[in-house]
Amino acid sequence: MPSKLLALGAGLTLLSAAALAQGGAVEVTNAWARATPGNAQAGAAYVTLQAPAGDRLTGVSTPAAQKAEIHSMTMDGGVMKMRQVEGVDLPAGTVVTLKPGGYHIMLMGLTQPLQPGQSFPLTLDFAKSGPREVNVTVEKVGAMGPGGQGSGEMGGASMPMHH
Amino acid sequence: MARSPNPTPTKPRLPPFVLLATVFAGLLVLAAGLLIGLAFRDQGKGVAGNPLSAAIGGKFSLVDQNGKPFTDADLKGKWQLVFFGYTHCPDVCPTALNDLSLALDQLGAKQKDVGIVFISVDPERDTPTVLKSYVESFGGPIEALTGSSDQVAEAAKAYRVYFAKHPRADGGYDMDHSALIYIMDPKGRFTGTFTPDDTSDKMATRLKKLLG
C-alpha cells in the first residue's frame, strides 16, 4: 500500500532526525579570529555554536598557538578582567556566540602573527559530542565579526557586561 | 528583692567611635559617588567648574615606542585620547585602539589636532620595540608609552587607573585594568571619557563637537 509505505517512510525520517538530534552534533559557524597587531603574542578567536540537544564546550586546541583557552572578558566597574573558564554551556537549541566583549578563545604563544585572509584549524572539545575541528578565518585587526564586519557595538549576547 | 543586673534586655550599644567611623565612611562613599558621577557625565565642551578636571591627569615620565622620553608636557598642544592597556590583551585593547583610529579617520583635516596615547600597564613585557610593532597595525597617530614599573604606576595614579597582575595557572599572567579612554584637552585638562563599548561613530561625533 503506497500510503502505508509513505507513513513508514515518514516514520523512518522522523526516527533518523531524532537519532541525529540524539547524537547532537553541535553546529559550529562563523569561526573567525582577529589579525594580531605586530608581533603580539596573544590572539583571540570566536565561534558561533548551537547544540540541538544541548552540550558544553569544554576545551580548545590549535597548532596556531602554544596554548588555547576559553576566556571570559568582563567589565567590572570600568575595570577589564579576563579569566579562564572551564567551559561554556550550550543549552539545547540556543545560539551561543563567542564575540568581542564576551567569551573568546584566547590563543597564547602564537606560532606566527595572524594575518588577515589566513586561516588555521581549531579543535573544539564538547562534553557530549566529542572533538570537532573547524577552520578559522583571520579577519583584520579590530574586526568585530566575521566576513569583514567592521567596528560595531561590543557586548557578547552570551556574556552580559557589568557596568 | 535585689534588682537583677539586667532587668530588661537591651541592644548592645556600639561605642561612639564606631558610629562616627561608620558615618564618616558613608560620607566618603557618597563623595566618591558624586565625583565619579561628575567624571562620567558628558562634559560637552566645557571643563570649567568640573572638580575632576584637575583630579584626572598629572605628571608622568615614560618613554615612547622609539625609546624617546615622553612626559605629560608632551600631551599639550592637541587633544589627546589616553588609554591604558597591554599588548597581550586580545580583546578590549585592540577594539579600543581600532575604534579610536577609525574615529580619527572621520575627522578630516582636524585629525591633526587629536592624538592617541596608549600607556602599557605591563612594562615587564611591553618594551618600546614590542609596542612599536603593535601600534603600527592600527594606522592611527598612536604614541605608545612604557617605562619602569614605578613610572607606569605613577602615570596610572595620575589618571586614577586601576591595574593588577592576575596570575594564570600556567605561570603566565593577564592584567586587570581600567578600560576607560580619557579625553584630555589641548591644555592637558581632563574633559571626559569614552568607554570601550562606544563605537567609532559615536566617538567621532563627540570629538567633532569638542573640536568645534
Side-chain angles (χ1 to χ4, degrees), chain A residues 33-46 65-69 71-86 98-110 113-116 139-145 150-156 159 161-163, chain B residues 36 39-40 65 84-103 105 121 125-126 129-140 142 144 160-164 166 168-170 172-180 193 195-203:
Chain A
R34 274 182 175 172
T36 47
N39 293 313
Q41 291 296 298
Y46 306 92
Q66 284 163 17
K67 196 161 186 185
E69 289 175 357
H71 278 212
S72 65
M73 198 289 279
T74 54
M75 294 293 285
D76 183 2
V79 176
M80 189 282 299
K81 293 180 177 178
M82 285 197 305
R83 294 289 183 267
Q84 185 184 3
V85 294
E86 287 182 0
L98 277 62
K99 63 179 182 178
Y103 288 112
H104 58 266
I105 293 164
M106 174 94 169
L107 309 172
M108 289 168 287
L110 291 168
L114 302 178
Q115 307 275 1
E139 305 288 346
K140 60 184 190 204
V141 168
M144 295 303 285
S151 169
E153 209 66 47
M154 279 179 73
M159 187 80 198
M161 306 237 298
H162 304 288
H163 288 283
Chain B
I36 289 166
F40 289 89
Q65 65 265 45
F84 289 74
Y86 67 116
T87 69
H88 280 63
C89 155
D91 195 290
V92 73
C93 301
T95 301
L97 291 176
N98 191 57
D99 282 350
L100 289 171
S101 300
L102 291 173
D105 280 350
V121 293
R125 294 183 294 198
D126 289 342
T129 314
V130 167
L131 287 172
K132 189 177 171 74
S133 73
Y134 185 83
V135 296
E136 271 170 2
S137 307
F138 293 98
I142 305 174
R160 306 294 186 264
V161 159
Y162 168 85
F163 70 102
H166 178 77
R168 283 200 311 253
D170 64 359
Y173 62 92
D174 289 315
M175 300 299 298
D176 296 345
H177 63 91
S178 304
L180 284 175
T193 55
T195 75
D197 325 60
D198 290 337
T199 60
S200 53
D201 288 350
K202 189 176 165 186
M203 291 176 180

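Lettering of chains follows the sequences in order, A, B, ..., and the numbering in each one begins at 1. Treat the numbers as computed from the prediction; the structure is a model and nothing was measured.
The most heavy-atom pairs under 4.5 Å with chain A, out of B:Pro90, B:Gly85, B:Cys89, B:Ser133, come from B:Pro90. Counting heavy-atom pairs closer than 4.5 Å to chain B, the top-ranked of the candidates A:Gln84, A:Lys67, A:His71 is A:Lys67. Counting heavy-atom pairs closer than 4.5 Å to chain B, the top residue among A:Ala35, A:Pro113, A:Pro37 is A:Pro37.
Among all heavy-atom pairs drawn from B:Asp176 and A:Val79, the shortest one is CB-CG1, 4.2 Å.
Side-chain contact between B:Pro94 and A:Arg34 is present, with at least one heavy-atom pair separated by less than 4.5 Å. Counting heavy atoms from C-beta on, the side chains of A:Met106 and B:Asp174 come closer than 4.5 Å. Using a 4.5 Å heavy-atom cutoff, the side chains of A:Arg83 and B:His166 are in contact.
For the atom pair OG of B:Ser200 and CE of A:Met144, the computed distance is 9.5 Å after rounding to the nearest 0.5 Å. Atoms CG and CE, from B:Asp91 and A:Met73 in turn, are 4.5 Å apart once rounded to the nearest 0.5 Å. Note that the OG1 atom of B:Thr195 and the CE atom of A:Met80 stand 14.0 Å from one another [nearest 0.5 Å]. In this structure, CE in A:Met108 is found 4.5 Å from CZ in B:Arg168, a value given to the nearest 0.5 Å.
In this structure, no portion of B:Phe84 lies under 4.5 Å from any heavy atom of chain A. In this structure, the portions of B:Asp170 lying under 4.5 Å from any heavy atom of chain A include both its backbone and its side chain. Contact annotation for B:Tyr134: both backbone and side-chain heavy atoms come within less than 4.5 Å of a heavy atom of chain A. In this structure, chain A has a heavy atom under 4.5 Å from the side chain of B:Phe138, while its backbone stays farther away.
A side-chain donor-acceptor contact under 3.5 Å links B:Ser137 to the backbone of A:Gly38.
Judged as a salt bridge (charged side-chain N to carboxylate O under 4.0 Å, His left out), and not counting sequence neighbours, B:Asp126 has no contacts. With sequence neighbours left out, the side-chain contact (heavy atoms from CB on, under 4.5 Å) criterion links A:Gln66 to no other residue.
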